[in-house]
Amino acid sequence: MDRWRNRWAVITGASSGIGKACAELLGAGGAKLVLSARRVDRLQQLAQQIRSGCGTAVEILPLDLSSPGAAAQLYAFTRDRGMDVDLLVNNAGFGAYGDFHQGSLDRFREMIQVNVAAVVELTHHFLRDMVGRRRGDIMIVASTAAFQPVPYISCYAATKGFDLLFAEALAEEVRRYGVRILALCPGPTDTEFMNVAGQPKRLFRFSENADKVARIGLEALEAGKTYVISGWLNYLETHAQRLAPRPFVARSAAALLAPPDVPNRQGDG
Ligand SMILES: NC(=O)c1ccc[n+]([C@@H]2O[C@H](COP(=O)([O-])OP(=O)(O)OC[C@H]3O[C@@H](n4cnc5c(N)ncnc54)[C@H](OP(=O)(O)O)[C@@H]3O)[C@@H](O)[C@H]2O)c1
């Protein structure tokens, strides 16, 4: 993580899971950090832990990224303090499991705001400065769910599809300015995500841990890759299904994810 030593890094969703793991890794590598999420107590605790353990500067900004204007507030926080942000980790996000038509529309709007709109806004703000300085890195946390339709997390998977395509396209646009962009695509990962999304435990049987996923993402970004799938099993599964007909892929995903009351679902096994 030497690339970001003494440089400012902004991490959204730093209060738990992959975002927290990114903060710890970057802090250990000597990066100066701005940590954001909604839970202020978690941010304060993590900031204190990293300051005392790594001796690096850590600022926190509690924000709800589903609120309009929150992304601009985060950018203004760094600009007003004269921070040149060299790394933006767009990590905050959440899913919602179940039949789309029975889910809360407000919750889906919130999801699109956090997983997509805030990512676009933050990237737009920070990228302009990075291009100007001819230096900077952005990691967007997508998912293996980004590569195909996924019934019962349909809206979530679509937001992650956006994140993946957005990151890969932008990476090519800004390569000539010395700016790097990476989509990190984790498979099931042991964080608070499963509980927040209300997804069944059986889908997280082969979870990776957040530290490993964060390290894979940051190392791939450092190496100049534009996307990375964490874990060889996730990699094989993701790429194998690209050879299959699209309706088959969607139907197989439906059988795997279907709630108990749906006929022909795969059992808990
Ligand atoms: N875990 C998995 O299996 C998995 C797989 C693929 C991709 N991902 C992606 O990985 C990223 C990190 O998730 P995770 O697995 O680490 O889950 P997590 O432990 O639930 O962490 C999610 C983070 O996002 C923040 N967040 C959620 N809603 C927010 C909002 N409205 N405003 C600001 N921050 C918000 C949460 O902080 P507060 O609650 O404090 O606001 C938390 O810090 C997400 O983008 C997720 O889609 C996860």
Side-chain angles (χ1 to χ4, degrees), residues 10-25 34-47 60-71 73-74 89-97 106-119 121-122 139-148 150 153 155-164 166-167 182-214 216-218 227-231 233-235 237-238 257:
V10 170
I11 304 169
T12 67
S15 61
S16 77
I18 297 167
K20 177 170 183 265
C22 284
E24 288 169 340
L25 280 171
V34 177
L35 309 179
S36 188
R38 289 167 302 180
R39 287 171 292 181
V40 62
D41 52 329
R42 296 278 199 103
L43 293 177
Q44 281 169 339
Q45 206 181 346
L46 179 62
I60 63 167
L61 182 63
L63 273 181
D64 183 345
L65 285 174
S66 71
S67 307
Q73 224 180 308
L74 178 49
V89 180
N90 276 308
N91 163 77
F94 67 92
Y97 174 74
D106 283 344
R107 189 70 173 149
F108 292 127
R109 279 204 196 96
E110 205 182 308
M111 187 189 297
I112 293 166
Q113 185 65 36
V114 176
N115 296 10
V116 173
V119 172
E121 285 181 45
L122 286 169
M139 183 162 91
I140 297 177
V141 182
S143 170
T144 49
F147 292 86
Q148 71 278 305
V150 192
I153 51 165
C155 185
Y156 172 73
T159 65
K160 293 294 160 176
F162 179 98
D163 289 339
L164 173 63
F166 180 58
L182 169 98
L184 166 60
C185 303
T189 308
D190 188 14
T191 66
E192 295 174 14
F193 180 89
M194 181 186 81
N195 288 336
V196 173
Q199 278 185 236
K201 268 197 184 128
R202 65 187 161 84
L203 301 173
F204 288 79
R205 255 185 315 209
F206 302 108
S207 287
E208 297 188 293
N209 75 55
D211 294 335
K212 177 188 168 192
V213 171
I216 285 172
L218 291 169
Y227 90 102
V228 68
I229 294 172
S230 73
L233 194 58
N234 292 327
Y235 181 88
E237 277 178 6
T238 302
L257 272 89

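One-based numbering, in listed order, for ligands and for the atoms of each. Worth knowing before you read on, the calculation uses all heavy atoms, side chains too, and leaves out hydrogens, waters and symmetry mates.
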### Query
What part of S36, side chain, backbone, both or neither, has a heavy atom within less than 4.0 angstrom of ligand 1?
neither
### Task
Measure the CG-CG distance between N90 and L184 for me, rounded to the nearest 0.5 Å.
11.5 Å
### Task
With rounding to the nearest 0.5 Å, note down the distance linking CD in E24 to CG in D211.
6.5 Å
### Query
Which residue and non-hydrogen atom of the protein lie closest to atom 32 (N) of ligand 1, and at what distance in Å?
L65 N, 2.8 Å
### Query
atom 10 (O) of ligand 1: which of I140, N90, V141 has the nearest heavy atom?
V141
#### Entry: Shortest protein heavy-atom distance from atom 28 (N) of ligand 1, along with the residue and atom involved
R38 NH2, 3.3 Å
### Query
Counting only heavy atoms, which portion of K160 has something under 4.0 Å from ligand 1: side chain, backbone, both, or neither?
side chain
### Task
May I ask you to check whether V196 has an N/O atom sitting below 3.5 Å from an N/O atom of ligand 1?
no
### Message
As an exercise, identify every atom of ligand 1 less than 4.0 angstrom from a heavy atom of P188.
### Response
3 (O)
### Task
Mind listing the closest non-hydrogen atom pair of D163 and V141 along with its distance?
OD2-O, 3.8 Å
### Task
May I ask you to check if ligand 1 and T144 share an N or O to N or O distance below 3.5 Å?
no
### Summary
When Y97, F193, F94, F108 are each screened for ring pair (Phe, Tyr, Trp, His ring centres under 6.0 Å) with Y156, the one that passes is F193
## Note on the structure
Any heavy atom of S207 under 4.0 Å from ligand 1? The part involved is neither
### Query
What part of V114, side chain, backbone, both or neither, has a heavy atom within less than 4.0 angstrom of ligand 1?
side chain
### Query
Can a non-hydrogen atom of A210 be found less than 4.0 Å from any atom of ligand 1?
no
## Note on the structure
The protein heavy atom nearest to atom 21 (O) of ligand 1 is S16 OG, 3.1 Å
### Query
So, is N91 polar-close to ligand 1, with some N/O to N/O distance under 3.5 Å?
yes
### N or O pair under 3.5 Å between G19 and ligand 1
no
### Task
Would you mind running through ligand 1 and noting each atom that sits below 4.0 Å from a heavy atom of G17?
16 (O), 19 (O)
### Task
Report, in ascending order of atom number, the atoms of ligand 1 lying under 4.0 Å from any heavy atom of G13.
23 (C), 24 (O), 25 (C), 42 (C), 43 (O)
### Task
Using a strict cut-off of 4.0 Å, indicate which atoms of ligand 1 neighbour a heavy atom of F204.
3 (O)
### Message
Between E192 and R39, does any NZ, NE, NH1 or NH2 come within less than 4.0 Å of an OD or OE carboxylate oxygen?
### Response
yes
### Summary
re atom 5 (C) of ligand 1, the protein heavy-atom contact at minimum distance is G187 O, 3.2 Å
### Message
Return the closest protein heavy atom for atom 37 (O) of ligand 1 as residue, atom name and distance.
### Response
S15 OG, 2.8 Å
### Message
How far is atom 16 (O) of ligand 1 from the closest protein heavy atom, and which atom is that?
### Response
I18 N, 2.8 Å
### Message
Just to be sure I'm reading this right: ignoring hydrogens, which of A92, G95, G93, A142 gets closest to atom 22 (C) of ligand 1? Compare them by their nearest heavy atoms.
### Response
G93
### Query
Considering only protein heavy atoms, which is closest to atom 20 (O) of ligand 1, and at what distance to one decimal place?
F193 N, 3.4 Å
### Query
Can you tell me how far OG of S67 sits from CZ of R38, rounded to the nearest 0.5 angstrom?
9.5 Å
### Task
Just jot down the ligand 1 atoms closer than 4.0 angstrom to any heavy atom of R39, in number order.
37 (O), 38 (P), 39 (O), 40 (O)
### Task
Number the atoms of ligand 1 from 1 as they appear, then name those within less than 4.0 Å of a heavy atom of A14, with their elements.
43 (O)
### Residue pair C185 / L164, side-chain heavy-atom distance below 4.5 Å
yes
### Summary
Here the gap from L35 atom CG to L63 atom CG, rounded to the nearest 0.5 Å, amounts to 12.0 Å
#### Entry: Atoms of ligand 1, numbered as shown, that sit under 4.0 Å from any heavy atom of D64
30 (C), 31 (N), 32 (N)
### Message
Below 4.0 Å, non-hydrogen atoms only: which portion of P186 touches ligand 1? Side chain, backbone, both or neither.
### Response
both
#### Entry: Whether over 12 other heavy atoms sit under 6.0 Å from Y235 OH
no
### Query
Closest heavy-atom contact between L257 and R202?
O-NH2, 3.8 Å
### Query
So, do P188 and N234 sit near enough that their side-chain heavy atoms are less than 4.5 Å apart?
yes
### Query
In terms of residue, atom name and distance, what is the protein heavy atom nearest to atom 8 (N) of ligand 1?
Y156 OH, 3.6 Å
### Query
Heavy-atom count around K160 NZ within 6.0 Å, excluding the residue itself: above 12?
yes
### Query
Under a 4.5 Å cut-off applied to non-hydrogen side-chain atoms, are L46 and S15 in contact?
no
### Summary
For L63, the ligand 1 atoms with a heavy-atom partner under 4.0 Å come out as 32 (N), 33 (C)
### Heavy-atom pair with the smallest gap, counting every atom of N115 and G93
OD1-CA, 3.2 Å
### Shortest non-hydrogen contact from I140 toward A167
CD1-CB, 3.9 Å
## Note on the structure
Between the CD1 atom in I229 and the OG1 atom in T144, the distance rounded to the nearest 0.5 Å is 7.5 Å
